[in-house]
Amino acid sequence: MLEKARTRLQAWTPRTFDGERAHAAVLLPLIDAASPRLLLTRRAAHLSQHAGQVAFPGGKRDAGDPDPESCALREAEEEIGLPRERVELIGRLSDRRSRHGLIVTPVVGIIADGLDFRPSPAEIAALFEIPLATLLTDPRRHTDVIDDARGRLFVPSYTFGEHVLWGLSAMMVVELLAVAEEFFDPALIAALGDELDELEQHGALTRAGIGRGHAHQHRPDIRGDSIRWLTPDHPAQRHYLMTLASVRDAINRALFLGLFEFEAHFARYPVGAFYQRHVDSFRGRANRIISSVTYLNRDWPDDGGGEMVSYAPGDETRELGRVAPRAGTFVCFLAEEMPHEVLPARLPRASIAGWFRRNSSLGSIIDPAR
Ligand SMILES: O=C(O)CCC(=O)C(=O)O
Ligand SMILES: [Fe+2]
């Protein structure tokens, strides 16, 4: 598992705060064991900031720290007595802004099992470890709704005995799990890619349009992909639909969204094709609640283009982020909220776009599937 985490973190582009230097750093220590564990601390009760809270070892950058890694390693050495030469750094996660306005860069490191820590009583009240496998079951006790400069965030709060892991540290854990864990088996992604190739060779794709029912029209100036709806008749497609049904259940458990159905289509964007900025559902008019996209492109080059660009809900000019369409990458977002577009690609681009639906009719408007 850590082998994968290593390669996946290396390929990950964490978000940074534009033009702002990170002012603090923390170390997420991953203990190398058959079932890897994450090492956490509870800060001493008498500290001036974040007293008694669960956190990763770390702190503010010194003049002597050339980068966030040096800062995190120095702090970990001071706080828990972890010698820096015992840490194999494997990557960074996205910067986070603390409640006090501090920008924190998380760095991830692997350490051996059975190291002898020496927590500093001045700073640390307790050290504890949580298996990644436990965190992957999403054992949240509740969900905190946090309004942040980037929008509203739903952040899990986990309780482990007397320790509560929440806030910034929980966000870091969620990102680590999302990056390090391979959600889809690469063999499934490859099989889906092969099925799409085959459908294309048999002329089974149709040019995608925009609008539903009578309003449906082909507008290659707006979107240039060709599609085919997934069916459970093919093993790989069935497996994909079943996996997404488990995602639906997990989302319903955590967020009470009442998602009911899932529909998805393969999409092939020829070289140079794009999909202009749009939202996938119009507020109150339809029942697509969450959009999902899974990319199928093996060995996608850094300069391949074809990124999906997302924009801030309510401010379509503010870019939120870009996702390269690399095989196995999976994205999910609120269908009515988030404008997004597909940039032209240098190579044919393959994906599966899907929607979790709520089954409802609103007055006289009955929203049909598709
Ligand atoms: O392929 C993508 O990245 C997004 C596709 C999309 O926005 C859509 O099909 O509605
Ligand atoms: Fe879309």
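Values in this document were obtained by computation on a predicted structure and should not be read as measured data.
When side chains are defined from C-beta on, Glu129 counts as touching Ile31, because their heavy atoms get closer than 4.5 Å. In this structure the side chain of Leu230 reaches within 4.5 angstrom of the side chain of Leu241, judged on heavy atoms. Met172 places a side-chain heavy atom less than 4.5 Å from the side chain of Arg96. In this structure, the side chains of Pro14 and Asp95 stay at 4.5 Å or more apart for every pair of heavy atoms. At least one side-chain heavy atom of Tyr240 sits under 4.5 Å from a side-chain heavy atom of Ile352. Within the 4.5 Å cutoff, the side chain of Tyr158 has heavy atoms near those of the Asp138 side chain. For the pair Ile189/Tyr295, no side-chain contact is recorded, criterion being any heavy-atom separation below 4.5 Å from C-beta on. By the 4.5 Å heavy-atom criterion applied to side chains, Tyr275 and Ile210 are counted as neighbours.
Taking CG of Leu257 as the start and CZ of Arg358 as the end, the distance is 6.0 Å to the nearest 0.5 Å. One distance of note links CG of Leu40 with CG of Leu28; it measures 7.5 Å at 0.5 Å rounding. Taking CD of Glu77 as the start and CD of Glu85 as the end, the distance is 6.5 Å to the nearest 0.5 Å. Taking CZ of Arg248 as the start and CE of Met242 as the end, the distance is 11.5 Å to the nearest 0.5 Å. Remark: Ile290 CD1 to Ile251 CD1 distance equals 4.0 Å, nearest 0.5 Å. To the nearest 0.5 angstrom, Leu73 atom CG is 8.0 Å from Leu82 atom CG.
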task: Decide yes or no on ring-ring contact (aromatic ring centres under 6.0 Å, His included) for Phe184 and Phe330, but give the supporting numbers first.
output: CA-CA 9 Å; Phe184 291 114; Phe330 173 70; 5.7 Å; yes
Chi angles and distances behind the side chain to side chain donor-acceptor pair (under 3.5 Å) call for Arg61, His23: CA-CA 6 Å; Arg61 251 168 99 170; His23 298 296; over 6 Å; no
query: Between Ser94 and Glu175, is a side chain to side chain donor-acceptor pair (under 3.5 Å) present by the stated rule, with each step listed?
result: CA-CA 8 Å; Ser94 299; Glu175 185 181 358; 2.8 Å; yes
message: Determine whether Phe266 and Leu296 satisfy the following criterion, side-chain contact (heavy atoms from CB on, under 4.5 Å), listing intermediate values before the conclusion.
response: CA-CA 10 Å; Phe266 286 114; Leu296 306 178; 4.1 Å; yes
message: Walk me through whether Arg277 and Glu341 qualify under salt bridge (Lys or Arg N to Asp or Glu O under 4.0 Å).
response: CA-CA 4 Å; Arg277 190 172 60 208; Glu341 74 174 313; 5.8 Å; no
- request: Would you please test Asp194 and Arg298 for salt bridge (Lys or Arg N to Asp or Glu O under 4.0 Å) and show each step?
  value: CA-CA 11 Å; Asp194 292 344; Arg298 280 158 274 184; 3.3 Å; yes
side-chain contact (heavy atoms from CB on, under 4.5 Å) between Gln10 and Ile90, worked out: CA-CA 7 Å; Gln10 266 158 22; Ile90 59 169; 5.6 Å; no
task: Could you walk me through whether Leu89 and Val107 pass the side-chain contact (heavy atoms from CB on, under 4.5 Å) test, one step at a time?
output: CA-CA 7 Å; Leu89 292 173; Val107 306; 4.2 Å; yes
- prompt: Yes or no on ring-ring contact (aromatic ring centres under 6.0 Å, His included) for His340 and Tyr311, after CA distance, side-chain angles and deciding distance?
  reply: CA-CA 6 Å; His340 54 283; Tyr311 296 91; 9.1 Å; no
task: Start with the C-alpha distance between Asp62 and Arg74, add both sets of side-chain angles, then the distance that settles salt bridge (Lys or Arg N to Asp or Glu O under 4.0 Å), and finish with yes or no.
output: CA-CA 10 Å; Asp62 270 1; Arg74 178 183 53 72; 3.6 Å; yes
task: Verify side-chain contact (heavy atoms from CB on, under 4.5 Å) between Val87 and Ile110, making sure each step is shown before the conclusion.
output: CA-CA 6 Å; Val87 183; Ile110 296 178; over 6 Å; no
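Under the 3.5 Å distance criterion, with hydrogens and angles disregarded, no donor-acceptor pair is assigned to the side chains of Tyr269 and Ser226. Residues Asp280 and Ser291 have side chains that bring a donor and an acceptor to within less than 3.5 angstrom of each other. In summary, the side chains of Ser246 and Asp249 do not present any donor paired with an acceptor at a separation below 3.5 Å, with no hydrogens or angles considered.
Taking a cutoff of 4.0 Å between a charged side-chain nitrogen and a carboxylate oxygen, Arg346 and Asp303 qualify as a salt bridge. Using a 4.0 Å cut-off between a side-chain N of Lys or Arg and a carboxylate O of Asp or Glu, Arg228 and Glu200 do not qualify as a salt bridge. Taking a cutoff of 4.0 Å between a charged side-chain nitrogen and a carboxylate oxygen, Asp302 and Arg326 qualify as a salt bridge.
Between Val342 and Phe274 the shortest heavy-atom distance is O-CB, 3.2 Å. Shortest non-hydrogen contact noted between Arg97 and Leu168 is O-CD1, 3.6 Å. Taking both residues in full, the closest heavy atoms of Pro119 and Leu127 are given as CG-CD1, 4.0 Å, listed atom of the first, atom of the second, then distance. For Leu188 against Ala236, the heavy-atom pair with the smallest separation is CD1-O, 3.6 Å. Shortest non-hydrogen contact noted between Ala55 and Ser169 is CA-OG, 3.6 Å. The two residues Glu79 and Pro57 have their closest heavy-atom pair at OE1-CA, 3.2 Å.
Judged by distance alone, with hydrogens and angles left aside, the side-chain atoms of His202 form no donor-acceptor pair with the main-chain N or O of Asp197 at under 3.5 Å. Side-chain N or O atoms of Glu88 include none that pairs as donor or acceptor with a backbone N or O of Gly109 at under 3.5 Å. Counting only distance, with no hydrogens or angles, the side chain of Arg349 and the backbone of Gly306 share a donor-acceptor pair below 3.5 Å. Formation of a donor-acceptor pair under 3.5 Å by the Asp144 side chain with backbone atoms of Ile146 is not found in this model. Side chain of Arg268 to backbone of Ile227: no donor-acceptor contact under 3.5 angstrom is found. One N or O on the side chain of Thr243 and one on the backbone of His239 form a donor-acceptor pair closer than 3.5 Å. Not one N or O on the side chain of Arg43 forms a donor-acceptor pair closer than 3.5 Å with the backbone of Ala125. At least one donor-acceptor pair under 3.5 Å links the side chain of Arg15 to the backbone N or O of Leu320. Distance alone, capped at 3.5 Å, is enough to place a donor-acceptor pair between the Asn252 side chain and the Leu259 backbone. A side-chain donor-acceptor contact under 3.5 Å links His216 to the backbone of Gly211.
The cationic atom of Arg288 (NZ for Lys, CZ for Arg) does not lie both less than 6.0 Å from the six-membered ring centre of Phe356 and within 45° of the ring axis. The cationic atom of Arg357 (NZ for Lys, CZ for Arg) does not lie both less than 6.0 Å from the six-membered ring centre of Phe262 and within 45° of the ring axis.
Cluster membership for Trp166 and Leu102, using ILVMFWY side-chain heavy atoms within less than 4.5 angstrom, is not shared. Leu176 and Leu2 end up in the same hydrophobic cluster when Ile, Leu, Val, Met, Phe, Trp and Tyr side chains are linked at under 4.5 Å.
For the side chain to side chain contact (heavy atoms under 4.5 Å, CB included) test with Pro339, the passing option among Thr317, Val309, Asp315, Val279 is Val279; the others fail.
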